[in-house]
Amino acid sequence: MVKHLHSVLTLVLGFFSVAASAQAPATVTKPDDGYYRIVNARQRTDGKQYVYVTGKIAAQPNATKAEAMTLPGTVIHLKTENNSKNPNWLDVTKLRSQGVDVINGYLNPAIAQVNEALKNRLKAQLGTFVGTAAYYGINAEVIGKWDLKMHMQPVTTPDGRSAYYAFATVPSMQPVVDFYDEFAIRAKFGAGIAGQIKAAVRGLSNDLYLALEAKNPDKVWDAVQVLALAKIATTEYNNTEIMDVVRRYFGVDRINQGRTYYLMSGALKKIEKGRAYNPSDLANTSHNEYDGALPKFDFVNNNTTDQWFGAELPVVKDAAMWILEKVDDTNYFGVKPSTNMRGRDGKYYTTLYVDFPFQIKGDVKAYTIEGVEAKNADGYYFAKVKKLAQQGDVVPAQTAVVLECNSTNPADNQLLPQGDEKFNPSDNRLCGTFFGEAINGLTVKDGTGAEHNVTRDNIRAFNINTADSRNPIGFIGVR
């Protein structure tokens with residue numbers, strides 16, 4: 001959510017990049033670069049605390065530990081760096097699951113794209129020389145004062161467990177106001193350039209222009225929020241759950257410029273009593289309350305000066321804390337074949353397509369398909385099966401496989417994520433999808449990297465034909 005607000009701000013105001021500085025070395029111990037499950041620290045009676053990625057822009061902390069053991073979307077590749085300014089912070093540099101990479105797949109490319117657009121727009125508006133000078137001025141006076149990264153900070157839960165806050169900061173509009181004041185109001189580069197800047201801003205939004213002229217950062221942010229909602233409505237983020245949260249909070253002073261927001265599970269309720277917050281008399285004064293009815297993402301801010309409702313973060317406590325659970329032999333990932341998928345050889349079969357490479361830990365064999373044999377005398381088309389890996393071997397990332405198991409117990413069929421999500425071309429003709437999708441309009445890649453448009457006529461799904469006693473398991477047409 002916050003990363004998209006950053007992108008919107010860039011498109012609206014033309015001020016965007018990554019803040020950089022070299023300060024004292026950080027002292028926080030980084031978690032190892034690897035695969036984790038991220039667990040909300042607030043204990044729930046239904047156990048729904050594990051972050052589960054279910055789509056390109058869809059994730060919620062709503063899986064149980066038992067469910068997470070077999071859900072690839074709960075396996076998250078996390079990589080961090082020590083923050084160069086604050087020794088207690090970590091910067092998140094990779095946050096990826098099932099092909100969804102929040103940092104490198106969404107945020108960083110958006111930064112590069114908008115940065116280039118900013119350069120071109122300034123040159124077109126002000127000319128090459130002045131436009132280039134203005135761009136570097138913005139980098140120094142505005143962008144360099146913004147922190148647009150996703151951070152983690154170690155914290156201890158009330159019951160003594162090690163956890164992290166996950167947070168980001170909405171940029172302050174004060175540097176924008178100061179920059180506008182210097183170059184548009186006080187006309188540092190002359191009245192001509194000042195007039196061009198004012199005309200450009202007025203062309204975007206008259207409310208934004210009036211707020212900048214009034215030198216009011218809060219009013220600037222109000223105008224930006226309106227523009228942001230209009231921009232979001234034209235993107236793939238529209239009508240997603242996380243954007244529903246953003247819409248609910250825009251215009252009601254819940255997302256404020258310069259404020260830091262902490263990711264949480266659950267919700268925060270504002271209890272209005274008509275009187276200012278008094279911690280000694282909550283029954284009769286306005287205050288914040290934690291609502292843990294639903295295991296859904298939300299956020300609270302770091303404001304400690306709210307005299308009407310009081311602070312937010314202390315109220316939600318460990319609901320805003322997240323535990324990293326390393327995927328290993330104890331907190332394993334495994335497959336659970338259906339009891340119906342039992343072959344004539346007594347083995348159980350299932351398919352798997354995951355973003356990460358994995359080592360086979362259990363007594364499991366992985367197969368790929370390299371083609372289809374000609375129809376035999378009995379009318380069968382047999383797949384050209386190749387054994388790819390067995391216990392101790394590693395299956396490359398993004399490789400669709402058929403798995404042969406001796407058991408339906410995930411503990412017996414453990415697969416250990418390891419390495420990077422690098423695609424390795426092969427002769428494998430199997431295709432897969434990371435998330436459930438409709439057949440109409442679906443495009444998939446096989447092991448060679450070739451793309452295929454899926455139709456009901458050309459798709460064959462791994463399944464069992466109970467009417468066929470000779471060869472019940474195979475790839476069957478979808479109706």
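- At least one donor-acceptor pair closer than 3.5 Å links the side chain of Gln98 to the backbone N or O of Asp355.
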Test ring pair (Phe, Tyr, Trp, His ring centres under 6.0 Å) on Phe475 and Tyr381; report intermediate values, then the result. CA-CA 10 Å; Phe475 293 89; Tyr381 292 92; over 10 Å; no
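- Remark: the backbone N or O of Ala41 is paired with a side-chain donor or acceptor of Arg161 at under 3.5 angstrom.
- Counting only heavy atoms from C-beta outward, the side chains of Ile271 and Asn288 never approach each other to under 4.5 Å.
- Between Glu421 and Lys94 there is a salt bridge, since at least one side-chain N of the basic residue sits less than 4.0 Å from a carboxylate O of the acidic one.
- Considering all non-hydrogen atoms of both residues, Tyr36 and Leu78 come closest at CD1-CB, 3.9 Å.
- Across all their heavy atoms, Thr330 and Met69 have their closest contact at O-CE, 4.1 Å.
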Evaluate side chain to side chain donor-acceptor pair (under 3.5 Å) for Thr157 paired with Asp318, printing each intermediate quantity in order. CA-CA 6 Å; Thr157 67; Asp318 52 3; 5.8 Å; no
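- For the pair Cys405/Tyr349, no side-chain contact is recorded, criterion being any heavy-atom separation below 4.5 Å from C-beta on.
- Under the 4.0 Å criterion applied to side-chain N and carboxylate O atoms, Asp345 and Lys347 are not assigned as salt-bridge partners.
- Thr74 pairs with exactly one of Glu325, Arg37, Glu67 by the side chain to side chain donor-acceptor pair (under 3.5 Å) rule, that one being Arg37.
- Using a 4.5 Å heavy-atom threshold, the side chains of Val316 and Leu268 count as touching.
- Heavy-atom contacts from other residues, nucleotides or ligands closer than 6.0 Å to NZ of Lys317 number 12 or fewer.
- Remark: Phe435 pairs with no residue by the ring-ring contact (aromatic ring centres under 6.0 Å, His included) rule, at least two apart or across chains.
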Kindly determine whether Phe333 and Phe358 satisfy ring pair (Phe, Tyr, Trp, His ring centres under 6.0 Å), including the steps that lead there. CA-CA 10 Å; Phe333 169 73; Phe358 58 86; 7.5 Å; no
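- Using a distance-only test at 3.5 Å, with no hydrogens or angles considered, no donor-acceptor pair links the side chain of Asp298 to the main chain of Met264.
- Between the side chain of Asn301 and the backbone N or O of Tyr261 there is no donor-acceptor pair closer than 3.5 Å.
- Taken to the nearest 0.5 Å, the OG1 atom of Thr350 stands 6.5 Å off from the CG atom of Leu403.
- Counting non-hydrogen atoms of other residues, nucleotides and ligands closer than 6.0 Å to NZ of Lys386 gives a total of 12 or fewer.
- Here the straight-line distance linking atom CD1 of Ile473 with atom CD1 of Ile464 works out to 4.5 Å at 0.5 Å rounding.
- Aromatic ring centroids of Trp89 and Phe167 lie under 6.0 Å apart.
- A donor-acceptor pair under 3.5 Å links the side-chain atoms of Tyr35 to the main chain of Gly419, judged by distance alone.
- In this structure a side-chain-to-backbone donor-acceptor pair under 3.5 Å is present from Asn104 to Thr93.
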Begin with the C-alpha distance, continue with both residues' side-chain angles, and end with the deciding distance and a verdict on side chain to side chain donor-acceptor pair (under 3.5 Å) for Asn428 and Ser426. CA-CA 5 Å; Asn428 187 19; Ser426 69; 4.9 Å; no
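- Here the NZ atom belonging to Lys30 is positioned 6.5 Å from the CD atom belonging to Glu81, to the nearest 0.5 angstrom.
- Annotation: side chain of Met152 is in contact with side chain of Leu324 (closest heavy-atom distance under 4.5 Å).
- The minimum heavy-atom distance between Gln359 and Gln418, with the atom names listed, is CB-NE2, 3.4 Å.
- With no hydrogens or angles considered, a side-chain donor-acceptor pair links Asp446 and Thr448 at under 3.5 Å.
- The minimum heavy-atom distance between Val444 and Thr433, with the atom names listed, is CG1-CG2, 3.7 Å.
- Contact check on Arg259 versus Glu312 returns no salt bridge, with no Lys/Arg side-chain nitrogen under 4.0 Å from an Asp/Glu carboxylate oxygen.
- Between Tyr348 and Pro337, the shortest heavy-atom contact is CB-CB, 3.8 Å.
- Looking at His77 and Asp33, their side chains do bring a donor and an acceptor atom within 3.5 Å of each other.
- Side-chain contact check for Asn331 and Lys65: at least one donor-acceptor pair (N or O, by modelled atom type) lies under 3.5 Å.
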Does the pair His287 and Phe309 meet the rule for a ring pair (Phe, Tyr, Trp, His ring centres under 6.0 Å), with working shown? CA-CA 4 Å; His287 60 278; Phe309 289 104; 8.4 Å; no
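- Ser172 places a side-chain heavy atom less than 4.5 Å from the side chain of Gln257.
- More than 12 non-hydrogen atoms from other residues, nucleotides or ligands lie less than 6.0 angstrom from NZ of Lys48.
- Contact check for Thr351 versus Val401: no side-chain heavy atoms found under the 4.5 Å cut-off.
- For the pair Gln398/Tyr353, a side-chain contact is recorded, criterion being any heavy-atom separation below 4.5 Å from C-beta on.
- Residues satisfying the salt bridge (charged side-chain N to carboxylate O under 4.0 Å, His left out) test with Asp412, not counting sequence neighbours, are none.
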Hey, mind stepping through Phe356 and Asp420 against side chain to side chain contact (heavy atoms under 4.5 Å, CB included) and telling me if it holds? CA-CA 7 Å; Phe356 50 83; Asp420 287 324; over 6 Å; no
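- Using modelled atom types, one side-chain atom of Thr399 and one backbone atom of Ala397 make a donor-acceptor pair closer than 3.5 Å.
- Rounding to the nearest 0.5 Å places CZ of Phe297 at 6.0 Å from CD of Gln60.
- Under the 3.5 Å distance criterion, the side-chain polar atoms of Asn413 are left unmatched by any main-chain donor or acceptor of Thr408.
- Between Asp427 and Arg429 there is no salt bridge, since no side-chain nitrogen of the basic residue lies less than 4.0 Å from a carboxylate oxygen of the acidic one.
- Shortest non-hydrogen contact noted between Ala320 and Leu313 is CB-CD1, 3.8 Å.
- Side chain of Asp91 to main chain of His151: no donor-acceptor pair is present (N/O by atom type, distance under 3.5 Å, no hydrogens or angles).
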Between His452 and Cys431, does the side chain to side chain contact (heavy atoms under 4.5 Å, CB included) criterion hold? Intermediate values first, please. CA-CA 9 Å; His452 303 275; Cys431 304; 4.1 Å; yes
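- For the pair Leu90 and Asn82, the minimum side-chain heavy-atom distance is below 4.5 Å.
- Taken from CG in Leu388 to CG in Asp393, the straight-line distance is 8.0 Å, to the nearest 0.5 Å.
- For Glu370 and Lys384, the salt-bridge test fails: no basic side-chain N is under 4.0 Å from an acidic carboxylate O.
- Atoms CG and CD, from Asn409 and Gln414 in turn, are 9.0 Å apart once rounded to the nearest 0.5 Å.
- In this structure a side-chain-to-backbone donor-acceptor pair under 3.5 Å is missing from Glu404 to Val364.
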Kindly indicate, with the supporting measurements, whether the criterion side chain to side chain contact (heavy atoms under 4.5 Å, CB included) is fulfilled by Ile76 and Arg96. CA-CA 5 Å; Ile76 297 171; Arg96 174 171 177 149; over 6 Å; no
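- In this structure, the ring of Trp322 has its center no less than 6.0 angstrom from the ring center of Tyr50.
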